[in-house]
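The structure appears below as structure tokens.
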Number of protein chains: 2
Amino acid sequence: MTVEQQPIASTGASTGASTGGLRELKKQRTRDALLRVALELFTTKGYEQTTVDEIADAVDVSQRTFFRYFANKEAVVFAAQDTVEWHFVDALRERPPAEGPFTAMRRAALSAWDSIEERLSPVVPVTLYMRTYQVIESTPALLAIHLRRSAELEEHVARLIAEREGLDIDADPRPRVAVAAFTGVMRVAGGLWGQGGDPSVAAIRELTAGYLDHLGPALADDWREPA
Amino acid sequence: MTVEQQPIASTGASTGASTGGLRELKKQRTRDALLRVALELFTTKGYEQTTVDEIADAVDVSQRTFFRYFANKEAVVFAAQDTVEWHFVDALRERPPAEGPFTAMRRAALSAWDSIEERLSPVVPVTLYMRTYQVIESTPALLAIHLRRSAELEEHVARLIAEREGLDIDADPRPRVAVAAFTGVMRVAGGLWGQGGDPSVAAIRELTAGYLDHLGPALADDWREPA
DNA sequence: CGTCAAGTGTCAGTGGCTGACACTATCCTC
DNA sequence: GAGGATAGTGTCAGCCACTGACACTTGACG
């Protein structure tokens, strides 16, 4: 699985090209190679079954070098996830101020899924990301970290919502509470999608939309009316 | 910090005494000693600054023995948390069927805090547990695991709610959605309590109650009315 | 071209965790 | 109460993630 250095010109954008020095370019290539090889290995033989040595060997660098590019083994897994999450935040920032908080979050999530491909593919093929997400959901150690990262994102989003509504986040509990409820539902959808059989973007988009619709009814204390 | 074996009679209940053989008793004592020494060290010098060797040495057993009692270093931390969580589940089971799902969860949480002391103190002093919880909230690695455990608990609670309401959990999304929103809010309260200055049971109880009250208003899309 | 700095490999070491195996202590039976 | 079955423990060797130190190589730039 060795990844040979390709001719300089053909590198496809990648993360953030910065200035075009040869040094910078090689770094970019190494990072890309490590990222893709790692995800490929994780999705085929499993996260815990893959050692850092294997990844490094496949890219012909030392283990030490791997750790200079990624703070730890998990960091590789969440490199793509990071892009996806910021994509959602960006989408939320673009919602018109007239929309209420919940509507804004809902529409941001859906529109983010619609345009995820363009944003993600320079970093990593979308299908590889999808498979990676399934690995996250099914590997306890990764799921744990994913949830903590989600909690951090949640805090970030709560501040954004507070700002939107012109509220002091430490005085008014509603931003955090609303966001907590929202991301709670998102997580349920994500979890079920991870177990379900359809690993497409469309599938998670629809699942998300459906579950969000049930939040209002679910909080009513009387469930005699069917969902 | 060596913990010497006390005379047989004076052992205070502990986890689950089972039959009174000498073997069993020694095991119980070792486990207890490991648990308390570990929590004491974690809360004083920090989780990551404490090595398993230190804990084992303090109890005069080998590192290997530590790992025979606890699957890993984290398991010690969550031994007490486990008791607390099951206490909530038990409280939920005791709510009258007439109560709606959300009301039942809310009251179960509050009543669980009211009676946590009796349930917890045989395992570990309550103040030690409180300090441990703060360690969890402030140690990224532990927070991650805590969140994953919460997600598991959440699934369990969702099944309970579905059962209560006579619903098929795979057909009706409301149980999972309601529980996700509920525990999302609980988590926000827990997080803020961890940062705040008052490490008492009363403090988290009140914080929880207050935040749950805001869930309804927070989901309304119009926040012009103050909370 | 030569100097400087950035990037890399090697090495040694720490900490969490596991399997194997021999040893010791309780238990249970005769 | 001796003696064998069995549970629990210590020791040892080893894997893997990760880190600091240091020497070496290679692109950057005057």
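Chain A is the first sequence line, chain B the second, and so forth, proteins listed ahead of strands; every chain is numbered from 1.
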Check ion pair A/Glu154-A/Arg176 (N to O, under 4.0 angstrom): no
Side-chain N,O (B/Thr65) to OP1/OP2 (D/dG10) below 4.0 Å: yes
A/Thr50: which of A/Val76, A/Val37, A/Thr44, A/Leu41 passes side-chain contact (heavy atoms from CB on, under 4.5 Å): A/Leu41
Per A/Thr30 side chain, nearest of listed nucleotides C/dT18, C/dG9, C/dT8: C/dT8
Test side-chain contact (heavy atoms from CB on, under 4.5 Å) applied to A/Ile116 - qualifying residues, sequence neighbours left out: A/Val84, A/His87, A/Trp113, A/Leu120, A/Val201
Per A/Arg64 side chain, nearest of listed nucleotides D/dG20, C/dG9, D/dT9: D/dG20
Salt-bridge criterion met for B/Glu163 and B/Arg159 (N-O under 4.0 Å): no
Show each protein N/O and nucleotides 24-28 of chain D N/O combination with a separation under 3.5 Å, one pair to a line.
{"residue": "D/dG27", "atom": "OP1", "partner": "A/Lys26", "partner atom": "NZ", "Å": "2.6"}
{"residue": "D/dG27", "atom": "O3'", "partner": "A/Arg23", "partner atom": "N", "Å": "3.3"}
{"residue": "D/dG27", "atom": "N3", "partner": "A/Arg23", "partner atom": "NH1", "Å": "3.4"}
{"residue": "D/dA28", "atom": "OP1", "partner": "A/Leu22", "partner atom": "N", "Å": "2.9"}
{"residue": "D/dA28", "atom": "OP1", "partner": "A/Arg23", "partner atom": "N", "Å": "3.2"}
{"residue": "D/dA28", "atom": "O4'", "partner": "A/Arg23", "partner atom": "NH1", "Å": "3.4"}

Show me, pair by pair, the donor-acceptor contacts under 3.5 angstrom made by side chains of residues 62-71 of chain B, not counting sequence neighbours?
{"residue": "B/Ser62", "atom": "OG", "partner": "B/Thr65", "partner atom": "N", "Å": "3.3"}
{"residue": "B/Ser62", "atom": "OG", "partner": "B/Thr65", "partner atom": "OG1", "Å": "3.3"}

B/Lys27 side chain near D/dA7 phosphate (N/O to OP1/OP2, under 4.0 Å): no
Test log, rule salt bridge (charged side-chain N to carboxylate O under 4.0 Å, His left out), inputs A/Arg131 and A/Glu40: CA-CA 9 Å; A/Arg131 281 189 285 142; A/Glu40 205 57 62; 3.5 Å; yes
Shortest non-hydrogen contact between A/Ala79 and A/Arg31, atoms and distance: CB-NH2, 4.1 Å
Atom-pair distance (CZ on A/Phe67; P on C/dG9), nearest Å: 14 Å
Rounded interatomic separation in angstrom, taking CD1 from B/Ile55 and C1' from C/dG15: 12 Å
Sorted by number, the residues of residues 69-82 of chain A with heavy-atom contact under 4.0 Å to DNA chain C: A/Tyr69
A/Asp32/A/Arg29 salt bridge by N-O under 4.0 Å criterion: no
Integer-rounded Å distance: D/dA17 C1' and A/Gln63 CD: 7 Å
Nearest-angstrom distance from the residue atom CZ of A/Arg68 to P of C/dA6: 13 Å
Between B/Asp53 and B/Thr51, a side-chain donor and acceptor under 3.5 Å: no
B/Arg95: salt bridge (charged side-chain N to carboxylate O under 4.0 Å, His left out) partners, not counting sequence neighbours: B/Glu99
Check: A/Tyr47 and A/Lys73 side chains under 4.5 Å, non-hydrogen atoms: yes
Integer-rounded Å distance: D/dA7 C1' and B/Leu25 CG: 15 Å
Value in whole Å for how far the P atom of D/dT11 lies from CG of B/Asp57: 11 Å
Sub-4.0 Å heavy-atom contacts from residues 45-54 of chain A onto DNA chain C, ordered by number: none
